[in-house]
Amino acid sequence: MEFSVKKFDLQTELDLTQGVVERKTTIPILSNLLFEASGSRLTITATDLELSIRTSCEAKVKKDGAGTLPAKKLLDLVRLLPEGEIRFKLLENHWVQVVSDRKTYKLVGMSRDNFPAIPEVPHPLVKIPAGIISSLIAKTSFAISMEESRYTLNGGLLLLKPDAIVMVATDGHRLALAETDHKFEGLSNETRVLIPKKAMAEVQRLALEAGDDAQIEFSRDDSHLFFRVGERLLISRMLTGQFPNYEAVLPRENKKTVVLERSELNDAVRRVAQLADQRSHTVRLAVAKEGIEISASSPEYGEAKEIIEKEYTGDPLQIGFNAQYMLDFLGAAAEGPIALELKDEQSAGQMRPLADETYRYRYVIMPMRI
């Protein structure tokens with residue numbers, strides 16, 4: 001294997017692989033990247049066995065071949081090299097020589113035979129606009145459970161319908177649901193897949209890199225999900241198991257509504273939460289005809305109270321929510337009015353942004369004891 005590649009091109013692709021490469025692994029080969037030089041392209045593959053990425057860039061290939069290089073060390077080195085061409089040559093014993101101008105380095109590689117095989121990509125099921133999938137992930141992924149014991153909640157549910165696309169995430173304490181209309185050619189049935197959280201982050205990164213107008217080809221086999229955009233391919237192991245019946249959780253009778261500006265509510269909750277209990281992060285919302293009072297207290301720090309004057313005609317109500325859960329949603333919601341919809345002190349509250357008509361976005365949050 002012998003080739004040369006522009007620093008800028010190589011660094012762009014190496015950056016994309018870093019979210020996939022295993023740093024602390026008991027399998028040394030997973031800390032390496034597979035380099036394959038052929039024709040006029042260099043293909044780079046990274047995997048942690050659950051998630052794989054394959055990407056490529058233009059290269060001047062002198063001799064076809066393949067080898068592996070330590071991912072972290074290579075990226076750190078490439079970042080420090082000057083702009084221009086970098087030459088790579090596979091030496092004996094899997095070492096790889098890297099030359100930039102009059103600077104020469106030799107990296108210890110490993111046999112490419114040890115690198116895990118990547119599954120074959122099936123025929124694309126649908127094409128999803130990059131802007132849509134990126135927005136859906138941004139609106140939901142923060143609600144994914146971090147508890148490894150709740151396996152089916154460690155990812156987001158993606159629903160592809162013939163004329164709509166839906167994403168749902170929940171950790172049992174809150175649920176984020178975003179939906180938008182989109183006609184899928186050739187899709188006659190609803191397709192449901194569970195995407196692991198790490199994979200969602202990498203799909204979002206690919207989508208942002210490709211730009212809103214790009215199309216992501218999505219396909220699946222019995223155990224893997226495939227996302228291809230241009231020369232880049234992301235492969236994720238599918239989460240198995242039954243995702244909760246999220247439709248049963250959606251509130252039906254939250255008739256007590258107060259409408260607040262996103263930034264005003266966000267700033268008030270952020271300030272008041274500074275004095276909230278550090279374990280529960282509870283803030284209390286008291287809704288009355290004068291408006292909404294947001295307060296918190298803790299023995300260690302003191303107490304905080306802010307009032308936002310808003311019209312409200314329903315019965316007075318007090319309810320507690322986790323401040324961080326509220327801030328997660330407010331950070332993802334579009335600027336403009338937010339409807340806070342409540343039923344009573346013990347029932348889940350719902351928050352909906354009213355300004356963004358492209359996405360039907362709902363956030364359900366369980367109350368806390370106050």
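Here, residue 1 is the first one in the sequence, and each next residue gets the next number. Nothing here was measured: the structure is a model prediction, and the numbers come from that model.
- For the residue pair Thr68 and Asn32, a side-chain donor N or O sits within less than 3.5 Å of a side-chain acceptor on the partner.
- Asp328 is linked by a side chain to side chain donor-acceptor pair (under 3.5 Å) to Arg174, Gln324, counting only residues two or more places apart in sequence or in another chain.
- A salt bridge links Glu36 with Arg112; the closest basic N to acidic carboxylate O contact falls under 4.0 Å.
- Every pair tested for ring pair (Phe, Tyr, Trp, His ring centres under 6.0 Å) that includes a residue from residues 278-322 fails, sequence neighbours excluded, so the list is empty.
- Under the 4.0 Å criterion applied to side-chain N and carboxylate O atoms, Arg360 and Asp181 are assigned as salt-bridge partners.
- Ring pair Tyr325/Tyr363: centre-to-centre distance not below 6.0 Å.
- Within 6.0 Å of CZ in Arg205 there are more than 12 heavy atoms belonging to other residues, nucleotides or ligands.
- In this structure, Glu190 pairs ionically with Arg192, as a charged nitrogen and a carboxylate oxygen lie closer than 4.0 Å.
- Counting only distance, with no hydrogens or angles, the side chain of Arg220 and the backbone of Phe218 share no donor-acceptor pair below 3.5 Å.
- Applying the 6.0 Å contact sphere to NZ of Lys127 captures no more than 12 heavy atoms from other residues, nucleotides or ligands.
- The other residues sharing a hydrophobic cluster with Val96 are Met1, Phe3, Val5, Leu10, Leu14, Val21, Leu33, Phe35, Leu42, Ile44, Val61, Leu69, Leu74, Leu75, Leu77, Val78, Leu81, Ile86, Phe88, Leu90, Val98, Tyr105, Leu107, where clustering joins ILVMFWY side chains under 4.5 Å apart.
- Ile118 is not connected to Ile29 by any chain of hydrophobic side-chain contacts under 4.5 Å among Ile, Leu, Val, Met, Phe, Trp and Tyr, and they are in different clusters.
- Atom CD of Glu120 has 12 or fewer heavy atoms from other residues, nucleotides or ligands within 6.0 Å.
- When only modelled atom types and interatomic distance are considered, Thr47 and Ser52 share a side-chain donor-acceptor pair under 3.5 Å.
- Arg271 and Glu306 are joined by a salt bridge, as a carboxylate oxygen and a charged side-chain nitrogen come within less than 4.0 angstrom of each other.
- Within the 4.5 Å cutoff, the side chain of Ile338 has heavy atoms near those of the Leu330 side chain.
- Judged by distance alone, the side chain of Ser347 and the main-chain N or O of Lys343 form no donor-acceptor pair under 3.5 Å.
- Applying the 6.0 Å contact sphere to CZ of Arg352 captures no more than 12 heavy atoms from other residues, nucleotides or ligands.
- Using a 4.0 Å cut-off between charged nitrogen and carboxylate oxygen, Lys63 and Glu2 do not count as a salt-bridge pair.
- Counting heavy atoms of neighbouring residues, nucleotides and ligands inside a 6.0 Å radius, atom NZ of Lys198 exceeds 12 of them.
- Between Glu85 and Lys60 a salt bridge is recorded (basic side-chain N to carboxylate O distance below 4.0 Å).
- With a 6.0 Å radius and a threshold of 12 heavy atoms from other residues, nucleotides or ligands, Lys103 has its NZ atom above the threshold.
- Between Glu13 and Thr55, the side chains place a donor N or O and an acceptor N or O closer than 3.5 Å (distance only, hydrogens not considered).
- The pair Asp15-Arg79 meets the salt-bridge criterion, with a side-chain N (NZ, NE, NH1 or NH2) lying under 4.0 Å from an Asp/Glu carboxylate O.
- At a threshold of 4.5 Å between non-hydrogen side-chain atoms, the residues Phe184 and Leu160 count as touching.
- You'll find the side chain of Lys255 reaches within 4.5 Å of the side chain of Glu253, heavy atoms only.
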